[in-house]
Amino acid sequence: MAEENPEGGIVKKCKQKKCEEGGGSAWEVAYGDFMTSMMAFFLVMWLIAATNVKQRKILSTYFTQPGATSLTEGSSMLPSKGVFDIGSKSLTISQRIPEMPLPSVQQPKTLKGRGLIPKVLRKSGGGVGHQKQTLNLYMVMKKIQQSIASKKELLQYRNQIKMEITEEGLRIVIFDKNKRPMFYPGSAQLEPWAKEVLDIVAKQLASISNKIVIEGHTDAHPYTIGNVSNWDLSTMRANAARRELQANGVSSDRFDSIIGYGSTRPVPGTNPDDPINRRIVILVKKI
């Protein structure tokens, strides 16, 4: 439609376009986001209904750590229609076993070609001489343990013998238990099993030159038969252990001291009257 312009020109009028060129509305974008969210929501709800607890854990792992699991289409029971097929509700989930690293071709460090270096040696610190001493005492301890373990008659007494490597040296503790004493009651005479243990210890200590300290301990029960007290009894028993070691090959100049502590040094954390406090401690000192 055209009209004349009073100034002589022609003015052309046309109807306004319904939409801007290249247009669209913001509500359509929001609607699309809403539909996507709803689809995701219903998918999650379906997964919760179609899977058990174990499968849900694996699914969770799959989405947080994709390399740890895999999802396989189909089922061994139903024809395969896809992992998320609602009609068959088949969901087969397989756990992927992570690849194990190849073993190192480097040979482990050995202890005279017969095993790993003991942990006690790695923790001992010090120089080469200090470590050599620790290693020698460790080997002595292992030989004593093996010899005791080979004696059937000593099996029931194995938990009454404790050995460890300390900063001072090899510490061997032999102690009483209820109805299984080391010595005859009230005396310094060794029971047969304790004598045999000391004989085994002596054979191993005879091959080295380290100094030896022997301690005797009693429990807190007062012992006053005649003129003998706990002090006397603990010293007598320590000396009896020395005589047994010496009779089986340990030279007399190896003994640094023989000490009786009576009941003054109970095992930490025990009742002073506990039989475990009736014990002999043999310390093989580092050189």
statement: Applying side-chain contact (heavy atoms from CB on, under 4.5 Å) to I259 and not counting sequence neighbours gives V213, S257, Y261
message: Using modelled atom types and a 3.5 Å cut-off, is there a donor and acceptor pairing between side-chain atoms of R237 and backbone atoms of S187?
response: yes
message: Ignoring hydrogens, what is the shortest heavy-atom contact between L245 and V201? Give both atom names and the distance.
response: CD2-CG1, 4.2 Å
Over all atoms of both residues, closest heavy-atom pair of S263 and A220: CB-CA, 3.8 Å
Quiz: residues 32-42 side-chain donor-acceptor pairs under 3.5 angstrom, not counting sequence neighbours:
from	atom 1	to	atom 2	distance (Å)
T36	OG1	G32	O	3.0
S37	OG	D33	O	3.0

field: E168: partners by side-chain contact (heavy atoms from CB on, under 4.5 Å), with sequence neighbours left out
entry: T166, L283
task: List, by chain and number, the other hydrophobic cluster members for I276, where Ile, Leu, Val, Met, Phe, Trp and Tyr join if side-chain heavy atoms come within less than 4.5 Å, directly or indirectly.
output: V173, F175, V267, V281
query: Considering residues at least two apart in sequence or located in another chain, which fulfil the side-chain contact (heavy atoms from CB on, under 4.5 Å) criterion with K151?
result: E153, L154, E196, I200
- prompt: Is N277 reaching over with its side chain to a backbone N or O of N271, donor-acceptor style, under 3.5 angstrom?
  reply: yes
- prompt: When you measure from the side chain of R180 to the backbone N and O of Q156, does any donor-acceptor pair fall under 3.5 Å?
  reply: yes
message: Applying side-chain contact (heavy atoms from CB on, under 4.5 Å), can you list everything that pairs with N52, at least two apart in sequence or on another chain?
response: K54, Q55
Side chain R254, main chain L205, donor-acceptor under 3.5 Å: yes
field: K211 and D256 ion-paired at < 4.0 Å
entry: no
- prompt: Do T264 and H217 pass the side chain to side chain contact (heavy atoms under 4.5 Å, CB included) test, and can you show the C-alpha distance, the side-chain angles, and the key distance before you say yes or no?
  reply: CA-CA 8 Å; T264 61; H217 301 264; over 6 Å; no
